[in-house]
Each structure stands twice: as C-alpha cells, then as structure tokens.
Amino acid sequence: MSRKRISLRQELPLLVWLVIVWAALWQNFSPGNLLFGALIAVLVARLFYLPPVELGGRFNLLRAVPFGLHFLAKVVAASFQVLFLAVAKGPKVISAVVAVPLRSHSDLLVTATGHVTALIPGSLVVEVDRSTSTLYVHGINVRNAEDAAQLRKDVRNTEAGLIRIMGTKAELSALNQELDS
Amino acid sequence: MDPETFSGDTVIDAVSAVFMVVGALMSLAAAVGLLRFPDLMTRMHAATKPQVLGLFLLLFALGLQMRTWWVWPVLVVAWIFQLLTVPVSAHMVGRAGYRTKHLHPELLSADELEAVVQQAAGKSGFSDDDGGATTDGR
Amino acid sequence: MMQLVLTVTAVVLSLAAGGAIIRIARGPSLLDRVLASDVLLAIVGAALCIDMAVNRHLNNLMLLVAVSLIGFVGSVTVARFVADRREKPRGS
C-alpha cells in the first residue's frame, strides 16, 4: 500500500465538513465542542484513510449560489412534471437511455455531474464509463431524438455550470473556447 | 406558544403549513408513480426524486416552526446526507435493474447503452466492473 | 390551523404508504420491492418530520437521519446482491 501523503490544504474541506457534522449532530456550536470535533475529525481522517479527492483548486462562490438556486428551481419543476406524468400518462410513458459524453475527465466533476443529474427528477444515471467519461442517462418521457438531444444538452449545461464553479483552470479555458467558437 | 399573535407569526405558520402539505404530496407522488409506471426504471424516477423536494420542504417547515437558529445546521446536514445518498442508491438499483433486463424495450425510444454492453459482453464475458479496474491500480 | 395541516398530511401520507405497500406486495421483482420499501421508509421519515413540526420538538431528528441512512445502506446492499446473482448464468 503506497500511501501518498495528503497535504493539509487538500484535506481541509473534509475536516471542515466533519466538524460541521459533529457540531450539528450535537446541536452545540461552542468553541470547546468545535475543538473536540476537530480533534476527532483529524483522528478519523488519519485512521480511516481514503484516497484523496482531487479538487480543482478553485471554488467560485459567485457562480455556486445561482447554480444552487437554479438547481432547486429545476428540482421543483421536474418533481411536479413527474407527478403530472404519473397521473396523466401512467403506463404509456416512453423513455430512453441516452449516452452523454462529458468534457471533463476528472473524477470529481464526473461524479458531481452524475449526482446533480440524478437528483433532478426525470433523469437517472444508469452507467458511467470512466475511461471516456460518458454518462448513460435514463430519461423519462424522452419520446424522440429531439428530446434526447435536449436531455444531452441539459446534462452538458449542468457540467458547464460545475466546471465554472470548481473545475480546473485548464477545463475552464477549454469550456470558454468551446462556447466562443 | 407565545401569547401575542403578531402577523409575522401567522405568515410563518401559513408558509410552513403550505410546505408541509406540498411535502406530503411529494410522498403521494412517489406512491402514485410506483403504482402507475410500467417498468422499474420509470418507477425509480417517481420513487426517489420527489422525495428530495419533499424532505426539503418538510425540513424547511420544521426549521420555520422551531424558530431557533441552531436547528438549521442539523436540518441542512440531514438534507445534504439525503442529497449524497439518493443518487448513489438510485444508480445502484438502476444499474442492477438495467443489467437484469428489468425494462421493457418497447417503451424505450432509444437505448444507446445496449450496443456498448453487448460489445463489452462479447469481449470479456460479463465482468464485474465497478470501476474495478481503476481501483485495483491504487 | 396546525390541526388541519396534521389531518390533511396524515391522510395524504396514509394513501402514499398504502400505495407503497401495494407495490411491495405486488412488485414483480425484488428490485421493485426494495424500491417500494425505500419509499415507505421515506414516508415514515416524512411523518416524523411533520410530527416534529406540528408539535414543535426535535426528539426524532436523529431518528430521521438514521432512517434515511438505513434506507440507503439497505437498497445499495440489495442492488449489489441482485446484480451479482443474476449476472453469473448470463455471463458464462
């Protein structure tokens, strides 16, 4: 087992998250509890070693907030759409499995895109091809090629949003170039 | 709870009441979808996804009702746990369902995974890929 | 008003739970049943949430988190098991 040392900076998001969970579960945000939580977080991160998540090294909060709101709006709209489909269409609903090739090859972005896609009702990630970073998305109420193209565009837009939030600089410039041309 | 009834309180109550009813409706949506959709994959859409919104609305209503700031982090953590776990379990069940042919091909307008699966099956049997090849490398 | 909300949500959640139970009983495959029991678990969580909101206490909050995590672990385990068992005869 070759254990790569992780720098503290790389580990910091995980530690902060663990401390927040600890304090939230105790419902106690006093400094003493936070300190004890931090101690336990470091201990847990050391004992139960996980392969480090390779972050892009940047996080754009200005882009993240609209993305979150947009995501929430989409979830609301799509939830009601699925409810409508269940009531109106029922057994006759037509769906499709669509291959969506993604731009990014980083695990983090592929995972995040898959998560967001799966959380929005009406699309579900069936299979992930990691070597080509292709998501196979099962979409509900996808009746023809146009709907499939729309679904593909939606997923790729989600990915573009995530790249703008936390992609690496190289990915971001590639995205900008693609959108310019 | 508090004796004086100022309008802000009733507004909060009304908002949380609406949220609770809509949140419960989302559960009903899941049940209706479970009963009415034809195959496993479409049922999954109805089953797991509206719950995300449903739990969000219910937790929001709970936070509004409690009127203390320190419950919000717990509620956010609970919701984030759901956000992290729902796609994973949906993906696992969906993948198992796809591989065991739990879907009706006549209800699919396109299936772009089929050819890939056939090719992979022809090449190397039906291997257990879980990104297995990549985790072995570590 | 809270009493009215409680009644309405109780009726809605009961109907939803009934639907999920019908799917558990009828479900043609194991995965359908797992999915339906996941929904049933989510409905239990929703009921806990509404109870807490109406009666303004937080006693069941940890139970809510635990229930959702148990649902996750359960469905992942079963999905894994189903995938393993069915693939072997087809692959060989």
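Chain letters run A, B, ... following the sequence lines, proteins first, then strands; residues in each count from 1.
The parts of Ala99(A) that come within reach of chain B are both its backbone and its side chain, each placing non-hydrogen atoms under 4.5 angstrom from that chain. Interface remark: Ser123(A) contributes backbone atoms only to the contact with chain B (heavy atom separation under 4.5 Å). At a 4.5 Å heavy-atom cutoff, the contact between Leu85(A) and chain B is made by backbone and side-chain atoms alike. In this structure, chain B has a heavy atom under 4.5 Å from the backbone of Ala88(A), while its side chain stays farther away. With a threshold of 4.5 angstrom between heavy atoms, Val87(A) approaches chain B through its backbone and through its side chain. Looking at Ile80(B), the atoms closer than 4.5 Å to chain A (heavy atoms on both sides) all sit in the side chain, from C-beta outward. Residue Val71(B): no heavy atom, backbone or side chain, is found under 4.5 Å from chain A.
Between chain A and the residues Val86(B), Leu83(B), Val32(B), the most heavy-atom pairs under 4.5 angstrom are made by Leu83(B). When Leu35(B), Val52(B), Val93(B), Val74(B) are compared by the number of non-hydrogen pairs under 4.5 Å with chain A, Val74(B) comes out ahead. Between chain B and the options Ile140(A), Val116(A), Leu72(A), the largest number of non-hydrogen pairs under 4.5 Å is found for Ile140(A). Note: Arg36(B) leads Arg36(B), His91(B), Met26(B) in heavy-atom pairs under 4.5 Å with chain A. Contact count against chain B (heavy-atom pairs under 4.5 Å) is highest for Val125(A) among Thr117(A), Val128(A), Val75(A), Val125(A).
Tested against Ser106(A), the residues Leu102(A), Val110(A), Leu109(A) include a single side chain to side chain contact (heavy atoms under 4.5 Å, CB included) partner, Leu109(A).
Ser173(A) and Asn176(A) share no donor-acceptor pair across their side chains, judged by distance under 3.5 Å alone.
The line from CG of Leu64(B) to CE of Met20(B) is 9.0 Å long, rounded to the nearest 0.5 Å. To the nearest 0.5 Å, atoms CG (Leu151(A)) and CG (Asn141(A)) are separated by 11.0 Å.
Proximity of the aromatic rings of Trp72(B) and Phe60(B) is defined here by a centroid distance below 6.0 angstrom, and this criterion is met.
Classification of the Phe81(B)-Trp17(A) ring pair by plane angle, with boundaries at 30° and 60°, yields perpendicular.
The environment of Arg103(A) atom CZ is dense: over 12 non-hydrogen atoms of other residues, nucleotides or ligands sit within 6.0 angstrom.
Within the structure, salt bridge (Lys or Arg N to Asp or Glu O under 4.0 Å) pairs that include any residue of residues 13-30 of chain B comprise Asp13(B)-Arg67(B), Asp13(B)-Arg56(C) (at least two apart or interchain).
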